[in-house]
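Single-structure report; data block below.
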2 protein chains.
Amino acid sequence: MSPRPKIGLDLFTILDTAGEIADQQGVQEVTLAQLAKRLGIRPPSLYNHFDGLPGLRRKLAIHGLDRLYKGMSEATIRVSGTDAVLAMSHAYVSFAREHPGIYEATLLAPDPEDEDVQQAGARIVDLTVRVLQAFHLEGDRALHAVRGLRSILHGFAVLEQKGGFRMSLDLDESLTFVIRAFLTGIGDNP
Amino acid sequence: MSPRPKIGLDLFTILDTAGEIADQQGVQEVTLAQLAKRLGIRPPSLYNHFDGLPGLRRKLAIHGLDRLYKGMSEATIRVSGTDAVLAMSHAYVSFAREHPGIYEATLLAPDPEDEDVQQAGARIVDLTVRVLQAFHLEGDRALHAVRGLRSILHGFAVLEQKGGFRMSLDLDESLTFVIRAFLTGIGDNP
DNA sequence: TTTTAAAACTAATATTGTTAGTTTTATTTT
DNA sequence: AAAATAAAACTAACAATATTAGTTTTAAAA
């Protein structure tokens with residue numbers, strides 16, 4: 001009934017290879033030509049697996065969000081309160097460090113409104129909501145805080161990656177300081 | 001002695017046009033072909049004004065940083081303390097809202113280590129340092145705080161721009177909340 | 001064994017960036 | 001005013017990319 005793919009390539013292999021290119025050569029080098037060359041096929045053959053370059057970017061964004069979520073999620077087990085936020089935050093920037101290209105691809109989807117992309121992102125938002133619940137924020141303040149934490153994490157990851165932080169000052173210490181300050185300012189700390 | 005440009009185009013006009021394309025159609029649409037078409041010349045002619053697409057991106061980044069600095073700087077005159085940080089922050093995200101393409105180009109320089117790019121960025125960092133001096137942070141804490149504020153601003157601007165904030169919750173209120181929380185957490189508030 | 005459909009292929013086209021070399025023309029110099 | 005200079009445009013040509021159309025191969029399903 002539902003015919004399965006031929007021997008050849010499966011989507012996971014393709015996305016993994018695309019992720020390698022992104023991390024090693026930069027996300028702008030993830031072209032159909034480069035990807036096909038690494039996979040040992042011709043560029044048009046890739047259209048059997050996704051809908052052109054926009055389709056690849058879309059799938060790569062989802063793939064990246066899933067992997068980022070996994071890292072954040074695992075970091076928060078068996079911790080709570082401030083420690084949980086700190087652990088999640090360091091997992092976030094660690095992922096961006098280890099996979100700069102995949103992380104960048106995370107926000108490179110052609111249509112950010114796409115349902116599957118939204119869903120992959122929503123899991124991360126939900127995790128952030130959960131980890132901030134220990135701070136007992138009421139009403140809109142909870143939503144403001146989630147936006148704040150996400151802003152810090154994304155901004156920090158990008159600025160670190162793009163060489164925005166020039167001072168010779170430990171990056172992890174900076175992140176810890178910033179997160180602690182933000183949580184302190186939110187109040188009602190556990 | 002120093003021969004001036006012909007009648008034709010000067011760099012300011014070119015960068016302005018490039019900025020228009022970036023804001024209206026997205027930064028990825030800033031191609032030599034598109035730019036040349038808008039200017040009424042042929043693509044190769046652009047090489048008389050900058051060194052290919054990387055050169056254009058470099059100049060556009062500097063141009064954007066200068067304009068961003070101008071907005072931030074003007075917002076901080078005749079205010080101080082928390083008010084100054086808030087004013088500067090809202091000026092920052094306002095610029096990103098009004099000029100999404102130019103703002104994005106700000107971090108798209110081919111070589112972030114480039115001296116002129118660094119210098120344009122350094123003015124913004126210096127302004128941030130100055131505006132945080134009212135909080136009397138000692139030693140490394142001052143540097144951590146600068147990194148934190150920049151992370152918040154960039155992260156907030158990008159997530160807002162890329163549709164990362166889905167809740168129907170006022171964006172400016174979120175920014176105010178986040179900045180206030182961060183400043184409170186830093187302590188010694190004026 | 002036959003049928004089917006995925007997954008590869010070849011061939012061709014449009015767009016873009018880029019280089020090389022040429023021409024035009026405003027400005028400077030004589 | 002005439003000549004020289006150099007910026008700034010041009011044409012022509014090429015390489016790389018994404019993409020479409022149509023074809024062939026081949027593993028899986030019937």
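Proteins get letters first, then strands, A, B, ... in listed order; numbering begins at 1 in each. What you see is a predicted model, and the numbers here were worked out from it, not measured in a lab.
For the pair K37(A) NZ and dA18(D) P, the computed distance is 12 Å after rounding to whole Å. Rounded to a whole Å, the CG atom of D10(B) is 15 Å from the C1' atom of dA9(D). The CG atom of L32(B) sits 17 Å away from the P atom of dA8(D) (whole-angstrom rounding).
Within residues 40-59 of chain A, the residues approached by DNA chain C to less than 4.0 Å at the level of any non-hydrogen atom are I41(A), R42(A), P44(A), S45(A), N48(A), H49(A), in residue-number order.
Legend: side chain to side chain donor-acceptor pair (under 3.5 Å) pairs involving residues 25-36 of chain A, not counting sequence neighbours, sorted by first then second residue: Q25(A)-R38(A). The salt bridge (Lys or Arg N to Asp or Glu O under 4.0 Å) contacts involving residues 161-175 of chain B comprise E113(A)-R166(B), R97(B)-D172(B), E104(B)-K162(B), where partners must be two or more places apart or lie in separate chains. For residues 169-190 of chain B, the pairs satisfying ring pair (Phe, Tyr, Trp, His ring centres under 6.0 Å) are H144(A)-F177(B), with sequence neighbours left out.
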Would you tabulate the side-chain donor-acceptor contacts of residues 69-93 of chain A under 3.5 Å, counting partners in other chains and residues two or more places apart, or write 'none'?
unit_1	atom_1	unit_2	atom_2	d
T76(A)	OG1	S73(A)	O	2.8
S89(A)	OG	V85(A)	O	2.7
H90(A)	NE2	T176(A)	OG1	2.9
Y92(A)	OH	Y103(A)	OH	2.6

Please report, to 0.1 Å, the donor-acceptor pairs under 3.5 Å made by any side chain of residues 120-133 of chain A, with sequence neighbours excluded.
unit_1	atom_1	unit_2	atom_2	d
R123(A)	NH1	D66(A)	OD1	3.3
T128(A)	OG1	I124(A)	O	2.8

